[in-house]
Every structure is written in structure tokens, then in C-alpha cells.
Amino acid sequence: MAIVTKLSITPPAPFDFEFSAYSHGWVVVAPNSWDEEFHKLQRVERLSSGKVVFLEINSSGSVTKPKISIDVNHTGKLSVKAQSEIKAAVALMFRFEEDFSEFYTMCEKRGKPWNRMTAGLGRMLRSPTVFEDVIKTICTTNIQWGGTKRMVEGLVDVLGQSYPADRNLRAFPTPKAMAEAVLETFTDTVRLGYRGDYIYTLAQRVASGELDLEALRDEAIPTPELKKELLAIKGVGNYAAATLLMLLGRYDELAVDTVFRTFVSNKYFAGERPSDDEAKEIYTPWGKWKYLAYWFDLWQGLDEEL
DNA sequence: GTCCAGGTCGCGC
DNA sequence: GCGCGACATGGA
């Protein structure tokens, strides 16, 4: 019943597929998953036609000559339009349009371990739609990582559309599907707690056309203005806005949360607890690349422990 | 049982 | 603008 159509796209070099896929937690949050054995990013995707496909994405090139292969598992015919839509979605997930050369130059100047970044790191994985990233980010606030995964998985299971060849695989729900549900679905069924209202309201605003989240990708919007628009979303505060700015390709702001505070305190303040402003100053030299610098610093710290 | 998490809101000052 | 309590849920 299921057919596989093979597609391939070429990211800008340098590009490290596995580091990019596993750049942060999104890789294991529904409807994404990571195939440990074959090092593939898997994702259930709903196309604009309503067709749901199951994508298996992996590298078929090298860091300097990168290529991404996409195995599209689908039923019926996969139109040319559908194929280009899938390629565009994957290109968005891996930020093909972003240029990291200035950041890499700074890393090169710093020497080790920062120069590791220049081997195609820094492309933090994101979702094909801003809507999905906003909801997932709201689901990371005031909760542990396990709770985030549980809540997003619940949204996908209850409201996401099934892949016909395997009904257990579901895509991230559309704004419309969420808007047409009732509040109790979010609170009582998915158990989103107080976030249920935020997410339901957001879905209604997006579905009605009142709020155009995709418009926030516009590079012409100055970062401070973009931040203001993000903060206007209920459930999005300073931490979530900084996280979303990162997901939108703006790295000026640091996402100050318990992870950030604990890490900076331990690494730079001998366990003493600095003020948030003092903690943020650590990354001031990185200018518009602060978030990436922090993230690599954090990741590098975790890596050394292994 | 108690505390709190990759925080944010609404209020009062 | 800043401080403070409330907030749902489930894991530690």
C-alpha cells in the first residue's frame, strides 16, 4: 500500500546533518523522531492538500559536499507540487537560507573548542511552520522536558491527522483542527494544564486569519519589533520570545531559564548565583550571535561530561 | 507528602 | 517599570 518516493536536496556547505538534526530537543518531539540505528530524522507531515506522508530524512553527502535524502513514504500519487512542498519544508527545518559565515569567523578567531562550530554546526532544527514552533515552545515553559514531550505528543495523538498506511503515525495538528476542537480537549484530554487556554486561543487566532505567524519570518522586521509581536502572544514571555527569535534565525537574545542560570552559575561564577544581567554579560562579545554561542557552550559542557 | 520544572500572567505599587 | 502569588501537571 505504501510507496516510497526518493527526493534529494542540497544544503549550503558546510553542513553537518547529524549535529543539525540533533542540535536541540526538537528532534525527539512529536511528530519528529530519531532513528538511532540508521541515523535518520523521521517526521510525519501533512501537506497543504491534506495528504499525510511519512518522511525519513538522512544525509547522503559529507560536511563539505552535503546532500540530504528524503524518503517519502506515501499512499497514492505524490504530485510534483507535493514533492516541492516537502523539499521546501525540509529546507526550512535546516535553515538553508541562513548564512553563518560571520559567526564561523568569530568562532575561528576564538580557537578551540569554538572552531568546532565551523564544521557545519549551528543550524538549530526547527519546525516547518512557526505555528508548530510557538506551540512547542509554550510547552517547554515551567515544566520539565518529559512534560513537554508528553504534552506535544498528546496534541499530535488527539488532534493530528493520520498517515493512511500506519494510523498510529500522526502529523502535527493544523490551526484549523485545533480551533475546531473544544477547550476541554486541551485541558482534560491532552492535559495541558493552564497552557490549554493559551494554545487553544492561539490556534483560533491563527485559524481565523487574525494572526499570521508565518509573516514573522520576514527579515525586514527589526528584531525588537519582532520580539514585541512574540511577547503579545499569550503564554510567551521573555524566555519563550528569545527561544522563538532563535528559531526565526535571530540570535541576539538569550533565553534565560533555569538551565541557562544553572549553567552560567556553575561555569563562570563558581556556583554563586549572579543576577540575570550579570549572567547575560558573559555572551555580550558575541553580539548578534549570543544564543548560538551560549548553546554551543552548554552543549560543549555536556559533551565533556560524557 | 512536598517541591518545582528549559516561566508567564495579572495585579498592585 | 518591579515584586509577588497563582497557575496545572507529573516527575523527582
Side-chain angles (χ1 to χ4, degrees), chain A residues 22-30 32 124-127 132-159 178 181-205 211 213 224 226-248 250-269 271 273-280 282-283 290-303 305:
Chain A
Y22 236 105
S23 49
H24 67 130
W26 264 203
V27 67
V28 290
V29 179
N32 295 339
M124 311 267 291
L125 187 71
R126 59 185 179 183
S127 306
E132 182 176 333
D133 274 342
V134 172
I135 286 177
K136 286 182 170 176
T137 300
I138 289 175
C139 287
T140 65
T141 60
N142 195 26
I143 198 157
Q144 299 175 100
W145 183 242
T148 300
K149 291 210 289 185
R150 175 190 64 78
M151 291 191 292
V152 177
E153 193 175 348
L155 280 171
V156 170
D157 281 348
V158 174
L159 293 163
M178 288 197 200
V182 293
L183 178 60
E184 287 69 29
T185 302
F186 298 85
T187 53
D188 302 347
T189 309
V190 183
R191 305 192 70 70
L192 294 178
Y194 64 86
R195 301 172 192 78
D197 184 44
Y198 300 159
I199 287 168
Y200 187 36
T201 304
L202 176 68
Q204 289 177 321
R205 292 180 63 203
L211 180 63
L213 289 176
L226 186 53
K227 188 184 181 189
K228 249 171 80 180
E229 296 202 38
L230 292 168
L231 288 172
I233 300 169
K234 220 180 212 179
V236 175
N238 267 311
Y239 151 82
T243 301
L244 285 163
L245 284 172
M246 173 280 283
L247 290 165
L248 290 165
R250 321 275 184 124
Y251 306 101
D252 332 41
E253 300 257 350
L254 291 160
V256 178
D257 56 12
T258 54
V259 172
F260 175 83
R261 293 191 182 101
T262 307
F263 171 71
V264 173
S265 161
N266 288 337
K267 179 157 183 181
Y268 297 101
F269 293 87
R273 166 73 194 277
S275 72
D276 287 348
D277 283 343
E278 286 171 323
K280 286 196 276 192
I282 297 293
Y283 299 98
K290 293 184 198 72
Y291 192 107
L292 281 183
Y294 154 58
W295 197 259
F296 178 72
D297 205 9
L298 174 67
W299 171 80
Q300 177 73 19
L302 297 173
D303 196 43
E305 282 174 25

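Residue numbers begin at 1 in each chain, while the letters A, B, ... track the order of the sequences. Model, not experiment: these values are computed from the prediction.
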- Parallel, tilted or perpendicular, as decided by the 30° and 60° cut-offs, for the rings of A:Y291 and A:W295: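 Answer is parallel, since the angle falls under 30°.
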- Classify the angle between the aromatic ring planes of A:Y283 and A:F260 as parallel (below 30°), tilted (30 to 60°) or perpendicular (above 60°).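 Correct class here is tilted.
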What integer number of Å spans the [atom1] atoms of [N] and [M]?
N	M	atom1	result
C:dC4	B:dG6	C1'	22 Å
B:dA5	C:dC7	C1'	13 Å
C:dG10	B:dC9	P	22 Å

- About how many Å separate CZ of A:R195 and CD1 of A:I135, when rounded to the nearest 0.5 Å?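 Answer rounded to 0.5 Å: 13.0 Å.
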- Item | Approximate separation, where rounding is to 0.5 Å, of A:I233 CD1 and A:R205 CZ |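 It is 7.0 Å, given to the nearest 0.5 Å.
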In whole angstrom, give the distance that lies between atom [atom1] of [X] and atom [atom2] of [N].
X	N	atom1	atom2	result
A:Q144	B:dC3	CD	P	16 Å
A:I143	C:dA12	CD1	P	12 Å
A:D133	B:dG6	CG	C1'	15 Å
A:W145	C:dG10	CH2	P	18 Å
A:L155	C:dT9	CG	P	14 Å
A:L244	B:dG7	CG	C1'	13 Å
A:L231	C:dG1	CG	P	12 Å
A:D276	C:dG3	CG	P	11 Å

Please classify the nucleic acid contact of [X] as base, sugar-phosphate, or nothing, using heavy-atom distances under 4.0 Å.
X	result
A:A255	nothing
A:I233	sugar-phosphate
A:V256	nothing
A:G235	sugar-phosphate

- Phosphate OP1/OP2 of B:dG7 contacted by A:T258 side-chain N/O (<4.0 Å):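 True: A:T258 side-chain N/O within range (under 4.0 Å) of B:dG7 OP1/OP2.
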- Message: Nearest to the side chain of A:K234, heavy atoms from C-beta on, is which of C:dG10, B:dC9, B:dG6?
- Response: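 Taking heavy atoms from C-beta onward, the closest nucleotide is B:dC9.
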- Could you work out which one of B:dT8, B:dG6, C:dC7 sits closest to the side chain of A:N142?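 The closest nucleotide is C:dC7.
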- Query: Take atom NZ in A:K267; do more than 12 heavy atoms of anything else shown fall under 6.0 Å from it?
  - Reply: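 Yes - once you tally the heavy atoms of other residues, nucleotides and ligands closer than 6.0 Å, there are more than 12.
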- Message: Here's a test for you: under side chain to side chain donor-acceptor pair (under 3.5 Å), which of A:K280, A:K290, A:K227 qualifies with A:E253?
- Response: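 Single side chain to side chain donor-acceptor pair (under 3.5 Å) partner of A:E253 among A:K280, A:K290, A:K227: A:K227.
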- Residues in side-chain hydrogen bond (donor to acceptor under 3.5 Å, both in side chains) with A:D276, at least two apart?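 A:D276 satisfies side-chain hydrogen bond (donor to acceptor under 3.5 Å, both in side chains) with A:R261 once adjacent residues are dropped.
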- Message: Give me the atom names and distance for the closest heavy-atom approach of A:Y22 to A:V28.
- Response: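 Minimum heavy-atom contact is OH-CG1, 3.6 Å.
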- Interface with DNA chain B, restricted to residues 191-201 of chain A and to heavy atoms under 4.0 Å: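 Going residue by residue through residues 191-201 of chain A, the ones with a heavy atom under 4.0 Å of DNA chain B turn out to be A:Y194, A:Y198.
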